Number of protein chains: 2
Amino acid sequence: MHIDSDSPARRIAADLRADIASGQLPPGGKLPSVRDLAERYEVSRTTAGKALILLKTDGLVTTRHGSGAYVRESHPIRRLGPERYARHHWEQTTVRAFATEAPESEAAQQQGHQTQEVSLVPADEPVATALGVEIGSPVYERARVVTREGNPTHTMTSYYRSADVEGTPLVDPSPGIAGQGGGFRVLADKGLAPHEITEDLCARMPTAEETLLLDLPPGEPVVELRRVTRTADGQVVEYARGVHAASRFVWSYTFAIPD
Amino acid sequence: MHIDSDSPARRIAADLRADIASGQLPPGGKLPSVRDLAERYEVSRTTAGKALILLKTDGLVTTRHGSGAYVRESHPIRRLGPERYARHHWEQTTVRAFATEAPESEAAQQQGHQTQEVSLVPADEPVATALGVEIGSPVYERARVVTREGNPTHTMTSYYRSADVEGTPLVDPSPGIAGQGGGFRVLADKGLAPHEITEDLCARMPTAEETLLLDLPPGEPVVELRRVTRTADGQVVEYARGVHAASRFVWSYTFAIPD
DNA sequence: TAGTGGTCTAGACCACTTC
DNA sequence: AAGTGGTCTAGACCACTAA
């Protein structure tokens with residue numbers, strides 16, 4: 001009753017927000033046009049447009065240029081816990097190649113899809129520190145964009161010491177390694193079975209590049225994930241960093257209280 | 001070279017962003033005024049102002065109404081791992097009251113400070129589910145806003161089954177329990193020593209209320225934390241939820257890869 | 001009091017979508 | 001071709017800050 005009711009633009013936004021909350025404007029539903037709003041509230045089109053901007057930055061509304069403004073569909077939320085790395089996900093699997101498989105096959109669309117690029121790059125500072133190599137020395141970079149139901153959900157880029165993965169399917173650029181845990185499988189085959197993971201998370205607003213890549217609606221934050229994977233000996237075998245569209249994930253961790 | 005160089009407003013923002021990145025505009029430094037920019041770039045004041053809005057939503061710049069626009073100071077980042085719950089933080093400590101202590105004493109300011117309110121409230125759905133009580137039944141709510149160096153950094157609200165904490169210092173409204181782990185200490189004293197924690201994290205944009213409470217600059221996301229604390233028996237003794245200013249924290253978790 | 005950011009109007013043009 | 005969001009101008013007023 002005190003905030004949000006000040007300026008005309010905020011007032012209009014508040015009214016629309018209420019309509020959305022009440023379900024009167026359902027997800028996917030079309031909002032009144034800027035010109036409609038301007039007339040109805042007796043304000044300039046600029047001001048009515050401002051209301052839409054406010055709702056966009058709230059993440060409540062998406063606009064399609066030339067078409068209209070729509071109530072944002074809420075995406076299904078995926079819960080991310082340590083189980084996603086579980087051994088049975090990758091230990092039993094054969095290393096599959098997705099070679100000539102049509103990328104829009106039904107299964108691929110449902111299951112999720114990932115594009116992938118592998119290349120040898122000089123290690124930057126965080127990568128070098130994590131992998132214990134010198135800055136600038138060559139490491140394998142495996143960059144992927146993961147898509148689910150047609151929407152890109154996150155990027156993930158892994159780095160490996162070149163000696164660890166040289167000659168494995170991982171670095172063979174032609175077929176590529178399919179899906180989940182392919183990297184872990186390859187490491188295990190080389191006698192470097194992953195055993196422990198440290199994940200660092202932070203949230204921030206996306207860069208312009210990330211907004212394009214992940215097709216983020218304005219006002220949606222991202223979560224940056226940095227992951228260090230070690231063997232039972234404590235040797236680091238993978239360093240990875242990724243960017244997730246915040247609204248599509250919940251992270252969950254369970255741990256014993258330390259002494 | 002392709003993004004960000006389109007409209008005049010974006011062009012101005014890009015120039016300023018470059019000045020910030022290069023250090024020519026240092027953190028805390030004052031940006032040119034809207035009227036300056038308008039004249040220099042030969043655009044309307046509205047457009048020059050738009051550039052500032054873009055930088056604000058990027059989180060790069062803060063504005064002080066009537067004073068100017070300033071490059072945002074980057075806050076020291078606190079790393080949050082399971083160690084912050086370590087037993088030695090609360091097991092040995094006496095339960096201190098902060099009674100008549102001046103809230104702006106030097107130590108309090110440095111160490112951080114928290115306001116606190118305890119009350120008996122009806123359990124809402126998530127609280128009831130977590131604590132295993134019926135919706136609407138009375139539970140103790142302990143709400144606090146944590147401040148560090150004069151800036152509010154996060155809120156945290158804990159819920160306890162009323163039988164578990166009845167008659168303890170926790171629910172005594174007059175003195176209040178000081179600082180870290182006071183709640184855990186009290187539970188341990190009642191034979192309900194916390195043993196295991198599950199934390200769920202998600203990132204989103206703040207509500208208007210949160211923006212005020214945490215004094216968030218526009219464009220800064222928050223991380224919502226939900227925490228379930230259990231004894232060694234698996235009994236839930238605390239459910240808590242909090243909202244953190246995203247830019248001031250990194251979360252870190254280490255775990256063994258499950259089977 | 002002078003300078004600042006914030007917001008508004010009224011009208012214009014553009015780029016895009018839909019039919 | 002009609003309707004849409006996006007952006008811009010030029011000028012106005014307000015609320016706030018600082019000297």
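Everything quoted here is computed from the prediction, not taken from an experiment.
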Pick out the pairs of N or O atoms, protein on one side and nucleotides 7-9 of chain D on the other, that lie under 3.5 Å.
residue: D:dC8; atom: OP1; partner: B:Ser7; partner atom: OG; Å: 3.3
residue: D:dC8; atom: OP1; partner: B:Pro8; partner atom: N; Å: 3.0
residue: D:dC8; atom: OP1; partner: B:Ala9; partner atom: N; Å: 3.1
residue: D:dT9; atom: OP2; partner: B:Ser44; partner atom: N; Å: 3.1
residue: D:dT9; atom: OP2; partner: B:Ser44; partner atom: OG; Å: 2.7
residue: D:dT9; atom: OP2; partner: B:Thr47; partner atom: OG1; Å: 2.0

Exercise for the section: Round to the nearest Å and state the distance from A:Glu39 atom CD to C:dG11 atom C1'. Expected result: 16 Å
Completion exercise
Residue set satisfying salt bridge (Lys or Arg N to Asp or Glu O under 4.0 Å) with A:Arg84, at least two apart, ordered chain then number -> A:Glu199
Practice task
Considering only NZ, NE, NH1 and NH2 on the basic side and carboxylate oxygens on the acidic side, decide whether A:Asp124 and A:Arg241 come within less than 4.0 Å.
Solution key: yes
Practice task
May I ask you to decide whether A:Asp200 forms a salt bridge with A:Arg227, counting only side-chain N to carboxylate O separations under 4.0 Å?
Solution key: no
Problem - B:Arg204/B:Glu224 ion pair, N-O < 4.0 Å - result: yes
Any N/O pairs under 3.5 Å between the protein and nucleotides 2-5 of chain D? List them or say none.
residue: D:dG3; atom: N2; partner: A:Gly66; partner atom: O; Å: 2.7
residue: D:dG5; atom: OP2; partner: A:Val34; partner atom: N; Å: 2.9
residue: D:dG5; atom: N7; partner: A:Arg35; partner atom: NH1; Å: 3.2
residue: D:dG5; atom: O6; partner: A:Arg35; partner atom: NH2; Å: 3.2
residue: D:dG5; atom: N2; partner: A:His65; partner atom: NE2; Å: 2.9
residue: D:dG5; atom: N3; partner: A:His65; partner atom: NE2; Å: 3.1

Exercise for the section: Could you list the residues that satisfy side chain to side chain donor-acceptor pair (under 3.5 Å) with A:Ser67, not counting sequence neighbours? Expected result: A:Tyr70
Problem - Qualifying residues under side chain to side chain donor-acceptor pair (under 3.5 Å), relative to A:Arg35, sequence neighbours excluded - result: none
Handout entry: B:Ala69: side-chain contact (heavy atoms from CB on, under 4.5 Å) partners, not counting sequence neighbours
Key = B:Leu31, B:Leu52, B:Val61, B:Thr63
Problem - B:Arg248/B:Glu220 salt bridge by N-O under 4.0 Å criterion - result: no
